[in-house]
Amino acid sequence: MKKFTRMVAIALFCLLPMYAVGAIAADGAGRDSTTSGAGLPAPVRGLEGVTCTQKQKGWDAQCVAGEYQIATYPEGCGAEGTYGAIYAKNGASATLYQALSAARGAPVARLKDKQFACVTADARKKHGDVEWYFVTAIPVASVKACAGKTTCQDGSDQPIEWIKPATGEACHRTAAGYTGDCPSGWISAEDFGEFSMGL
């Protein structure tokens, strides 16, 4: 159901002209507004020239960055989150980037094939298929829904090859979310497979 709702929201968003980034305010007042800077969803804060809108309270934020339209997943890495695994096209590893381009985005880390990860955003060109996912590699054991599931255990936690400096603090879950060295970034859709049927 959550995927269907997201697809409907994306379809409606794609009907807007690229310059129409205004939104109905969360309080329903009907005024146009845009979100930028610190108020942006975490996956898009590092993207140049990005603006986001939320048409109704509770809807996924829809963002525009250059030629890309970005859908964020408010469920995050929680019980209702979206998960998947790295399926590196070269068979070894895939690179996370800070931007929606291997040429323009500084690399964050390389994730090994079959690494478990959650998804918090995707990016596509207008009316196109998903080209990029924003993913975070997290410990399988931190996701209760993964207990006893072969979907999660196949490959699961792999060694992370950091490119940007890491703190040395292991990635772990707290009451506020994940903290420590949890590699996050944009990955090509060619190198990632979403668990379409859930966990």
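Atoms considered below: every heavy atom in the structure, side chains included; atoms not considered: hydrogens, waters and symmetry mates.
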Where Phe116 and Cys146 come nearest, the two heavy atoms and their spacing: CZ-SG, 3.6 Å
From OG (Ser101) to CD (Glu48), nearest 0.5 Å: 11.5 Å
Worked verdict on Ile160 versus Asp181 for side chain to side chain contact (heavy atoms under 4.5 Å, CB included): CA-CA 10 Å; Ile160 305 300; Asp181 291 334; over 6 Å; no
Least distance between heavy atoms, Ala88 atom then Ala94 atom: CB-N, 4.1 Å
Considering all heavy atoms, the nearest Arg110-Ser93 contact: CD-OG, 4.0 Å
Residue pair Ile187 / Ile86, side-chain heavy-atom distance below 4.5 Å: yes
Min side-chain heavy-atom separation Cys152-Val143 under 4.5 Å: no
Non-hydrogen atoms of Gln98 and Trp186 that approach each other most closely: O-CD1, 3.8 Å
Contact check, side chains of Arg124 and Tyr68, non-hydrogen atoms, under 4.5 Å: no
Sole candidate of Ile70, Thr53, Leu47 that passes side chain to side chain contact (heavy atoms under 4.5 Å, CB included) when paired with Cys63: Ile70
Heavy-atom donor-acceptor pair, Gln115 side chain to Gln158 backbone, under 3.5 Å: yes
Asn90 CG to Thr95 OG1 distance, which is reported to the nearest 0.5 Å: 8.0 Å
Residue pair Glu169 / Thr179: nearest heavy atoms and the distance that separates them: OE2-CG2, 4.2 Å
From Tyr87 atom OH to Glu190 atom CD, the distance as rounded to the nearest 0.5 Å: 16.0 Å
Side-chain donor-acceptor contact under 3.5 Å, Asp122 with Tyr73: yes
Between CG on residue Leu96 and CH2 on residue Trp162, distance to nearest 0.5 Å: 8.5 Å
Backbone of Cys77 reached by a side-chain donor or acceptor of Tyr83 within 3.5 Å: yes
Side-chain touch Gln62/Gln69, heavy atoms, less than 4.5 angstrom: no
Close side-chain approach of Ile138 to Arg173, heavy-atom, < 4.5 Å: no
Cluster check Leu111, Val130: I/L/V/M/F/W/Y, side chain < 4.5 angstrom: yes
For Asp113 against Gly91, the heavy-atom pair lying closest together: CB-O, 4.0 Å
Co-membership, hydrophobic cluster, residues Leu40 and Tyr97, 4.5 Å side-chain: yes
Pairwise side-chain contact, Pro139 with Tyr178, heavy-atom cut-off 4.5 Å (strictly under): yes
Close side-chain approach of Cys52 and Val44, heavy atoms under 4.5 Å: yes
